[in-house]
Amino acid sequence: MLAEFDLPKEIVDREVKKMTMISPTNKEVQIGQTLKDHEYIGMVRREVLDDFLRKRASENGAHLINGLFLGMQLPQKKGESYVLTYNDYNSAEGASRTGEKKTLEVDVVIGADGANSRVAKDIGAGDYEYAIAFQERMRIPDDKMEYYKDRAEMYVGEDVSPDFYAWVFPKCDHVAVGTGTVIDKKGIQKYQQGIRNRAAPRIAGGEVLRVEAHPIPEHPRPWRVKDRAALIGDAAGYVTKCSGEGIYFAAKSGRMCAERIVTNSEKGSRMIDEYDLKEYIREWDAKYGATYLVLDLLQKVFYTTDAQRESFVELCEEEYVQTVTFDSYLYKTVQGNNPVGDLKLGWKTLTSLWKNNNKKPDAMRTLV
């Protein structure tokens with residue numbers, strides 16, 4: 001994403017080169033040995049990334065409005081404008097400001113307004129299943145922060161999530177400790193306490209700076225285009241299973257949609273229609289459809305029971321798995337074009353699943 005979207009490295013808080021996978025019994029597997037010298041997972045704060053993108057958009061001619069989108073009136077006949085209603089906060093001051101209600105007429109609407117998209121609701125895009133992600137930004141003692149300076153941790157287990165994973169990710173001067181779930185949203189606090197307990201030896205003495213919770217789409221919406229309105233990012237449901245990543249796909253879908261509008265409108269000289277916008281959907285599905293299907297399958301196979309989660313972590317010890325996993329994560333397409341390696345991995349997966357489903361679980365290990 002940094003290279004493709006020309007982002008400065010200054011906005012990256014941490015360059016993660018080590019990833020620790022931790023099983024339900026606290027078996028630790030270190031992955032990242034296959035990374036090349038220039039490769040890393042960039043950890044950023046959304047408030048920093050978003051601020052940079054907004055300012056760059058403004059410098060390149062975008063008109064920014066500090067406001068709250070309330071809804072829109074759809075065109076009643078061909079060629080009519082969309083009429084957006086919003087509260088404009090540009091001239092208001094103070095925490096209790098209410099803003100000034102305004103309207104704006106536009107030709108095309110791109111709904112980039114997140115999982116709870118009002119644009120999606122207005123165009124009748126349909127609902128989707130979603131996960132709840134919950135995390136605490138936590139400042140931990142310096143000696144513990146040193147451990148996380150270039151390391152991220154992923155925990156799996158029924159105690160931290162029944163269908164996802166929990167994490168400790170490094171930020172600028174603190175860590176983010178969190179978890180997520182689809183099937184037990186009401187139990188999210190229980191699972192957050194679970195990751196706090198599991199990671200306790202490494203985050204003890206931490207001070208909570210900020211608490212965050214967000215919905216994460218589990219699959220694309222039934223409809224992502226209607227007339228001259230299109231959805232991108234979380235609003236469209238572009239979040240990958242297994243990893244729960246959405247930021248790259250939000251940026252990428254925004255660019256693909258915008259480029260299709262520029263091209264098909266002949267740089268603004270003709271009005272586009274639904275067919276033009278659906279070209280963006282077809283391009284998107286052709287490019288990333290397989291990635292979403294594979295990751296969905298992996299989540300169903302490995303995130304269901306603790307025995308299967310033990311197998312997941314066990315398999316991460318394989319160098320081939322690490323190579324394929326990191327390449328797929330870094331470059332956003334499913335990797336793996338080694339038939340022999342794929343066959344060996346398939347066999348090891350089956351034998352590991354059989355073993356862990358037919359033996360007594362190992363004793364709980366203690367993290368150091």
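Here the shortest heavy-atom pairing between Ile140 and Ile203 reads CG2-O, 3.8 Å. Residues Val182 and Asp163 come closest through the heavy atom pair N-OD2, 2.9 Å. When all heavy atoms of Ile123 and Ala229 are compared, the closest pair comes out as CG2-CB, 3.9 Å. Residues Ser161 and Gly180 approach most closely at OG-O, 2.6 Å, considering heavy atoms. The nearest pair of heavy atoms linking Tyr147 to Thr20 is OH-OG1, 4.2 Å. In this structure, Gly246 and Val239 approach most closely via the heavy-atom pair CA-CG2, 4.2 Å.
Note that NZ of Lys27 and CG of Asp362 are 8.0 Å apart. Values are rounded to the nearest 0.5 Å. Between the OH atom of Tyr86 and the OG1 atom of Thr103 there is a distance of 7.5 Å, given to the nearest 0.5 Å. Rounding to the nearest 0.5 angstrom, the gap separating the CD atom in Glu136 from the OG1 atom in Thr179 is 11.0 Å. Remark: Ile11 CD1 to Asp50 CG distance equals 9.5 Å, nearest 0.5 Å. The line from CG of Leu353 to CD of Gln308 is 6.0 Å long, rounded to the nearest 0.5 Å. Atoms OH and CZ, from Tyr128 and Arg221 in turn, are 4.0 Å apart once rounded to the nearest 0.5 Å.
In this structure, Asp306 contributes its side chain and Glu158 its backbone to a donor-acceptor pair below 3.5 Å. The closest donor-acceptor contact from the side chain of Thr304 to the backbone of Lys300 lies under 3.5 Å. Glu274 places no side-chain N or O within donor-acceptor distance of the main-chain N or O of Lys226, the cut-off being under 3.5 Å. The closest donor-acceptor contact from the side chain of Asn26 to the backbone of Arg365 lies under 3.5 Å. Proximity of a side-chain donor or acceptor of Ser265 to a complementary backbone N or O of Ile272 within less than 3.5 Å is not detected. Within the 3.5 Å criterion, the main-chain N or O of Glu39 finds a donor-acceptor partner in the side chain of Lys17. In this structure, the side chain of Arg14 does not engage the main chain of Gly42 through any donor-acceptor pair within 3.5 Å. Between the side chain of Thr240 and the main chain of Ser243, no donor-acceptor pair closer than 3.5 Å is present. Formation of a donor-acceptor pair under 3.5 Å by the Asn197 side chain with backbone atoms of Gln193 is found in this model. Side chain of Arg224 to main chain of Leu231: no donor-acceptor pair is present (N/O by atom type, distance under 3.5 Å, no hydrogens or angles).
Side-chain contact, Ser23 with Glu310: a donor N or O sits under 3.5 Å from an acceptor N or O. No donor-acceptor contact under 3.5 angstrom links the side chains of Gln322 and Thr34, judged on distance only. Inspection of the Glu259 and Tyr280 side chains reveals no N or O donor paired with an N or O acceptor under 3.5 Å.
Other residues, nucleotides and ligands contribute only 12 or fewer heavy atoms inside 6.0 Å of the OH atom of Tyr130. Other residues, nucleotides and ligands contribute more than 12 heavy atoms inside 6.0 Å of the CD atom of Glu15. Residue Asp142 qualifies as open at atom CG: its count of foreign heavy atoms under 6.0 Å is 12 or below. For Lys18, the NZ atom is loosely surrounded, since the number of other residues' heavy atoms within 6.0 Å does not exceed 12. Enclosure of atom NZ in Lys186 is not indicated, since only 12 or fewer non-hydrogen atoms of other residues, nucleotides or ligands lie within 6.0 angstrom. Within 6.0 Å of CZ on Arg46 lie no more than 12 heavy atoms contributed by other residues, nucleotides or ligands. The 12-atom threshold is exceeded at CG of Asn358, counting heavy atoms of other residues, nucleotides or ligands nearer than 6.0 Å. Counting non-hydrogen atoms of neighbouring residues, nucleotides and ligands closer than 6.0 angstrom, the NZ atom of Lys55 reaches no more than 12 such neighbours.
Under the salt bridge (Lys or Arg N to Asp or Glu O under 4.0 Å) criterion, Asp113 pairs with no residue at all, not counting sequence neighbours.
Both tests do not hold together for Arg56 against Phe52: distance to the six-membered ring centre under 6.0 Å, angle to the ring axis within 45°. Judged by the 6.0 Å and 45° rule, Arg198 forms no cation-pi pair with Tyr191.
With hydrophobic clusters built from ILVMFWY side chains whose heavy atoms lie under 4.5 angstrom apart, Val12 shares a cluster with Ile247. The hydrophobic cluster containing Tyr238 also contains Ile261, counting ILVMFWY residues as joined when their side-chain heavy atoms lie under 4.5 angstrom apart, directly or transitively. Residues Ile110 and Val262 do not share a hydrophobic cluster, clusters being chains of Ile/Leu/Val/Met/Phe/Trp/Tyr side chains in contact below 4.5 Å. In terms of hydrophobic clustering, with Ile, Leu, Val, Met, Phe, Trp and Tyr side chains grouped at heavy-atom distances under 4.5 Å, Leu315 and Tyr155 are assigned to different clusters. Hydrophobic clustering (side-chain heavy atoms under 4.5 Å, transitive across Ile, Leu, Val, Met, Phe, Trp, Tyr) keeps Val48 apart from Leu209.
Counting heavy atoms from C-beta outward, Pro24 and Val156 have side chains that approach closer than 4.5 Å. The shortest distance between side-chain heavy atoms of Leu7 and Leu49 falls below 4.5 Å. Two residues are said to be in side-chain contact when any heavy atoms from C-beta on lie closer than 4.5 Å; Val106 and Met72 fail this criterion. Arg255 is listed as a side-chain neighbour of Phe5, based on a closest heavy-atom distance under 4.5 Å. Taking the side chain as every heavy atom from C-beta outward, Met138 and Arg196 approach each other to under 4.5 Å. Annotation: side chain of Tyr320 is not in contact with side chain of Lys344 (no heavy-atom distance under 4.5 Å). Within the 4.5 Å cutoff, the side chain of Val16 has no heavy atoms near those of the Phe169 side chain. Residues Arg54 and Asp51 are in side-chain contact: their nearest non-hydrogen atoms beyond the backbone lie under 4.5 Å apart.
Between Asp173 and Arg139, at least one side-chain nitrogen of the basic residue sits less than 4.0 Å from a carboxylate oxygen of the acidic one, meeting the salt-bridge criterion. In this structure, Glu28 does not pair ionically with Arg151, as no charged nitrogen and carboxylate oxygen lie closer than 4.0 Å. The pair Arg228-Glu80 does not meet the salt-bridge criterion, since no charged nitrogen lies less than 4.0 angstrom from a carboxylate oxygen. Ionic pairing of Glu212 and Lys171 is not present here: no N-O contact between side-chain nitrogen and carboxylate oxygen is shorter than 4.0 angstrom.
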Could you check Leu298 against Phe312 for side chain to side chain contact (heavy atoms under 4.5 Å, CB included), going step by step and ending with a plain yes or no?
CA-CA 9 Å; Leu298 289 176; Phe312 173 61; over 6 Å; no
Begin from the C-alpha positions of Arg118 and Leu70 and carry the test side chain to side chain contact (heavy atoms under 4.5 Å, CB included) through to its verdict.
CA-CA 8 Å; Arg118 294 182 182 181; Leu70 301 174; 3.9 Å; yes
Should Lys144 and Arg202 be marked as a side chain to side chain contact (heavy atoms under 4.5 Å, CB included) after you check the CA-CA gap, both sets of side-chain angles, and the distance that decides it?
CA-CA 6 Å; Lys144 290 182 168 62; Arg202 293 171 181 170; 5.6 Å; no
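Remark: of the listed residues Lys348, Arg309, Lys355, Lys355 is the sole one forming a side chain to side chain donor-acceptor pair (under 3.5 Å) with Glu314.
Relative ring orientation between Tyr165 and Trp167 is described as perpendicular, the plane-to-plane angle rising above 60° on a 0-90° scale split at 30° and 60°.
Two rings, from Phe249 and Tyr292, have their centers less than 6.0 Å apart.
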